[in-house]
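First the structure, in the form of structure tokens, and then the observations on it.
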2 protein chains.
Amino acid sequence: MDGQNRNIRVTSFDVAERAGVSQSTVSRALSGSSVITEATREKVLSAAQELGYFVDERAARLRRGHTGTLATVVVRKPGSTAKDVNPFAYTLLGGIIAAASERGLEVLVSMQGEVDKLFGHYVERGQAEGLIVIGTTANAPAWDFFRGIGETSQPVAYWGSPRGDLDWVSSDNIGGAHIAADHLIAQGCTKLVCIGAENSPQRQFDERSEAFCTHAQSLGHSTQLITIKDMQNRREQGRVAAKQLLDSGAEFDGIFVVCDAIAFGAMETLQEAGRSIPDDVSVVGFDGLPAGELSNPPLTSLEPDMDLAGRLLVEAVTEVHDSPSVRRVPVSLVKRVSA
Amino acid sequence: MDGQNRNIRVTSFDVAERAGVSQSTVSRALSGSSVITEATREKVLSAAQELGYFVDERAARLRRGHTGTLATVVVRKPGSTAKDVNPFAYTLLGGIIAAASERGLEVLVSMQGEVDKLFGHYVERGQAEGLIVIGTTANAPAWDFFRGIGETSQPVAYWGSPRGDLDWVSSDNIGGAHIAADHLIAQGCTKLVCIGAENSPQRQFDERSEAFCTHAQSLGHSTQLITIKDMQNRREQGRVAAKQLLDSGAEFDGIFVVCDAIAFGAMETLQEAGRSIPDDVSVVGFDGLPAGELSNPPLTSLEPDMDLAGRLLVEAVTEVHDSPSVRRVPVSLVKRVSA
DNA sequence: CTGAAAGCGCTTACAG
DNA sequence: CTGAAAGCGCTTACAG
């Protein structure tokens, strides 16, 4: 049967011939034009089905002048592989894809890390209506490149750029930090610690840290900030920070760690030093990684609504704005065992 | 500057005019045709750059007759959200994207679950050269749909279909199961158990189970199979299976669990019952999930090479074959604490 | 409501 | 080596 033959593309002309109408009519019938008679639409529909016809989107989009797709690039570290990319980024990607699909948009995904191979001109090439950039903050050159893209080619939306200057959408860091402080205090903790950052290239971490300390202090509690060291591995950052805290000799009974991956490392070191969690010290993380269910003990964390995050990102890139509007994704406490 | 204006698309004619050549020459120069003089190529290149010109891929691909892209659909359960999808699927997706990019292909990703909204005719619509289907086996209707797509529209490659009849590429289940048995035996285990499946809709699990038992027995060791019950949550399946094993009163000192997520649940129940891992019983999983680093204790597992998996999938869909050739992705032991 | 024609922005024979 | 022209498969004014 012709329609089944993969080598011969069936066109709208073939359908027109079979249905006994003009090619324009085929196009209108298939695109759902309201001007077409129901009878002729049915003729066309069944002819199309019999021939196994589908409209060629390259042609349709060229003619229409839009693409019906969104590009999203996941920035990764140079030389990294699929399993190195952060689960958070994957989940966010999933949220973006779901949200795009809700709006009838497709999504073109790339993972970029090598600095000499960065590409972002999807809009100019007629491949997408806009670009969403997410991924690791640990590749500054890549983010610089995409900052440049955003300046000449709109629309672009970002999540989690290193300096935070690009984030059109991000977690509600302040709200989350407040919840963390409130929760720790409600558990009876009085000597609070934040494992986080200050004046760091990681604006998100800065925000969480500052909001936590300010809020806890305003509630009359002492607070100490341990800043994470600059190193590749988040787990290791957590171990080092916990060791520093332990070595300082300071007393503490409640810790807010600005991200789950760091919290995992911190908990290890704390427990190795004989501190029991949550008996001696309560720990709250941030990001709500599913892996937190598995940690020892399971990690209480602040979880952003990832589906909403995807939706806001898609919206940011899909609706026209004069200036970037920062949107905050609400975060909720996932109570597990650590606090 | 005109080239910066986002509302007016700059075309190859504009570049031609600026460079003082014909539009055909622009096209040739930009597509790297070897027939073009170096001098005129440079003229064209700089004109293009000055105008901020990029070729419109819709037009180029329409004319060329190919798309330069691959579609991949991640099947998910109906009603599930971004964070519900298996980390394994995300990592595999990452491997596919990386491999496609290596070959100069882009990838269009969708996540599909709702049975009334399945779509797979990317090739017919001129959107892709081929389709890769991955994701959860827990959505049989979706897999049936994509099986149908594969029958009328080539090329399609699959990973992890429920019945296993569709898998062009999958883990080396047999090799992995052998490694698991050998490792457990090397740890001194003699009373072996497999938490797995037999004649199940999950062919991958069947393969692993059978290969494990056969191999262990051939080495002179007793072996017992606990089959997992049909339920939504893998962790829970593990808990139930471990409980059944415990209740059976049988002695055991080494367990191979056919997937990590099930192993996590099994370990919980085992430990709650007072069995120490790995002292009383060693446990080996399958999949090599990064979350296994966090479990209590960290899970020893068989990890497939996910980048190679992506590469094989891309290759399967990219090269022409007469019949589906099953490819096995090598698996290696990640030794952690549980065994 | 339907058809004939133009045109979206490219690539690629075909001449020269 | 370069240019003029055709054509990829659609959508959409423009007539009727």
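Below, read A as the first sequence line, B as the second, and so on, with proteins coming before strands; counting in each chain starts at 1.
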Where each pair must be Watson-Crick or G-U wobble with both distances under 3.5 Å, what dot-bracket representation of DNA chain C is obtained, with crossing pairs in [ ] and other-strand partners as |? |||.||||||||.|||

Which pairs, protein N/O on one side and nucleotides 9-11 of chain C N/O on the other, fall under 3.5 Å?
unit_1: C/dG9; atom_1: N2; unit_2: B/A59; atom_2: O; d: 3.4
unit_1: C/dC10; atom_1: OP1; unit_2: B/Y53; atom_2: OH; d: 2.9
unit_1: C/dC10; atom_1: OP2; unit_2: B/S12; atom_2: N; d: 3.0
unit_1: C/dC10; atom_1: OP2; unit_2: B/S12; atom_2: OG; d: 2.7
unit_1: C/dC10; atom_1: O5'; unit_2: B/Y53; atom_2: OH; d: 3.0
unit_1: C/dC10; atom_1: O5'; unit_2: B/D56; atom_2: N; d: 3.4
unit_1: C/dT11; atom_1: OP1; unit_2: B/R64; atom_2: NH2; d: 3.4
unit_1: C/dT11; atom_1: OP2; unit_2: B/S27; atom_2: OG; d: 2.1
unit_1: C/dT11; atom_1: O2; unit_2: B/R63; atom_2: NH1; d: 2.2
unit_1: C/dT11; atom_1: O4; unit_2: B/Q23; atom_2: OE1; d: 3.3

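Around atom NZ of A/K83, no more than 12 heavy atoms belonging to other residues, nucleotides or ligands sit under 6.0 Å away.
The pair A/R9-A/D56 counts as a salt bridge, with a side-chain nitrogen and a carboxylate oxygen less than 4.0 angstrom apart. With respect to the salt-bridge test (charged N to carboxylate O, under 4.0 angstrom), the residues A/R61 and B/E57 do not qualify. A salt bridge between A/D144 and A/R163 is present, with a side-chain N of the basic residue lying under 4.0 Å from a carboxylate O of the acidic one. Salt-bridge check for A/E129 with A/R103: failed, with every basic side-chain N at 4.0 Å or more from each acidic carboxylate O.
Listed nucleotides D/dG3, C/dG3, C/dC1 differ in distance to B/S22; the shortest reach to its side chain belongs to D/dG3.
Remark: of the listed residues B/L105, B/L131, B/L313, B/L105 is the sole one forming a side chain to side chain contact (heavy atoms under 4.5 Å, CB included) with B/L70.
B/T40 has no side-chain polar atom (N or O) that falls below the 4.0 Å cut-off from OP1 or OP2 of D/dC1.
One atom, CD of B/E17, and another, C1' of D/dG3, lie 16 Å apart when rounded to the nearest Å.
Using a 30° and 60° split on the angle between ring planes, B/F145 and B/H121 fall in the perpendicular class, above 60°.
Between the side chains of B/S110 and B/Y122, at least one donor-acceptor pair of N or O atoms lies under 3.5 Å.
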